[in-house]
Chemist: 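One structure coming up, written as structure tokens, with questions to follow.
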Amino acid sequence: MARRLTPQQLDLAYDLKERGLVMLPLKYKAPMVSGWQRLETSCDDSEVWERATGFGIQTGKNSGVTVIDVDKPDRELFDKFVAYHGLPP
């Protein structure tokens with residue numbers, strides 16, 4: 001049986017939702033709601049959240065959240081990125 005979210009993790013997800021982020025319940029890194037790419041609000045189904053093993057934040061154009069995923073520690077690469085693009089807001 002997969003490990004469920006702890007009460008503290010659920011509280012964090014709900015807190016981030018209250019701050020305006022679109023929160024997604026996950027099971028093994030996969031969103032548990034269909035059409036998650038187009039959601040404008042978080043999943044509010046408590047039964048789904050009770051089965052979740054993790055949570056994610058919708059990123060991209062719809063959310064205005066940008067993620068930079070660097071697979072290895074490389075401060076020089078990050079500094080070049082910031083010099084070219086600037087820091088996100």
Side-chain angles (χ1 to χ4, degrees):
M1 182 172 175
R3 197 179 110 205
R4 306 280 193 245
L5 292 174
T6 66
Q8 294 84 4
Q9 290 168 321
L10 281 170
D11 287 345
L12 176 59
Y14 293 141
D15 181 56
L16 293 170
K17 175 186 171 241
E18 291 299 316
R19 294 174 187 234
L21 295 171
V22 176
M23 302 304 298
L24 306 168
L26 304 178
K27 186 159 197 165
Y28 303 111
K29 296 187 178 183
M32 297 174 68
V33 291
S34 60
W36 61 269
Q37 301 93 330
R38 297 175 302 284
L39 287 179
E40 293 182 12
T41 61
S42 296
C43 172
D44 289 326
D45 188 335
S46 61
E47 290 180 13
V48 173
W49 278 102
E50 288 173 10
R51 296 189 320 267
T53 61
F55 64 85
I57 300 170
Q58 184 191 60
T59 61
K61 194 175 196 177
N62 289 346
S63 67
V65 175
T66 301
V67 174
I68 302 167
D69 182 11
V70 179
D71 292 325
K72 63 179 184 173
D74 188 338
R75 182 63 191 210
E76 184 178 340
L77 176 64
F78 179 76
D79 290 342
K80 285 180 184 179
F81 178 89
V82 170
Y84 185 80
H85 295 284
L87 285 172

Chemist: Heavy atoms only: give me the nearest Pro25-Val48 pair and the separation to one decimal.
Modeler: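 Of all heavy-atom pairs spanning Pro25 and Val48, the closest is CG-CG1, 3.5 Å.
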Chemist: Nearest 0.5 Å, what's the CG-CD1 distance between Leu26 and Ile57?
Modeler: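 Reported value, rounded in 0.5 Å steps: 10.0 Å.
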Chemist: Between Glu76 and Lys80, is there a side-chain N and carboxylate O pair less than 4.0 Å apart?
Modeler: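 So Glu76 pairs with Lys80 through a salt bridge.
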Chemist: Within the distance-only criterion (no hydrogens, no angle test), does the side chain of Thr59 pair as donor or acceptor with the backbone N or O of Val65 below 3.5 angstrom?
Modeler: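 No: the side chain of Thr59 does not pair with the backbone of Val65.
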Chemist: With distance as the sole test, does Gln9 use its side chain to make a donor-acceptor pair with the main-chain N or O of Gly54 at under 3.5 Å?
Modeler: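 No, the answer is negative, given that no donor and acceptor are paired below the 3.5 Å cut-off.
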Chemist: Which of parallel (below 30°), tilted (30 to 60°) and perpendicular (above 60°) describes Phe81 and His85?
Modeler: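 Tilted.
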Chemist: Under a 4.5 Å side-chain heavy-atom rule over Ile, Leu, Val, Met, Phe, Trp and Tyr, are Leu16 and Leu5 clustered together?
Modeler: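 They do share one cluster, since a chain of ILVMFWY contacts under 4.5 Å joins Leu16 to Leu5.
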Chemist: Using atom types as modelled and distance alone, determine if a side-chain donor or acceptor of Ser42 lies under 3.5 Å from a backbone N or O of Leu24.
Modeler: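 Not confirmed, Ser42 side chain does not pair with Leu24 backbone.
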Chemist: Is any side-chain heavy atom of Leu39 closer than 4.5 Å to one of Gln58?
Modeler: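 Yes; the side chains approach each other to less than 4.5 Å.
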Chemist: Going by heavy atoms in the side chains, are Asp44 and Lys17 under 4.5 Å from each other?
Modeler: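 Contact flag for Asp44/Lys17 side chains = yes.
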Chemist: For a side chain to side chain contact (heavy atoms under 4.5 Å, CB included) with Trp49, tell me which candidate from Met32, Met23, Arg4 qualifies.
Modeler: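 Only one of Met32, Met23, Arg4 forms a side chain to side chain contact (heavy atoms under 4.5 Å, CB included) with Trp49, namely Met23.
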Chemist: Between atom CZ of Phe55 and atom CG of Leu10, what is the distance when rounded to the nearest 0.5 Å?
Modeler: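 Rounded to the nearest 0.5 Å, the CZ-CG separation comes to 8.5 Å.
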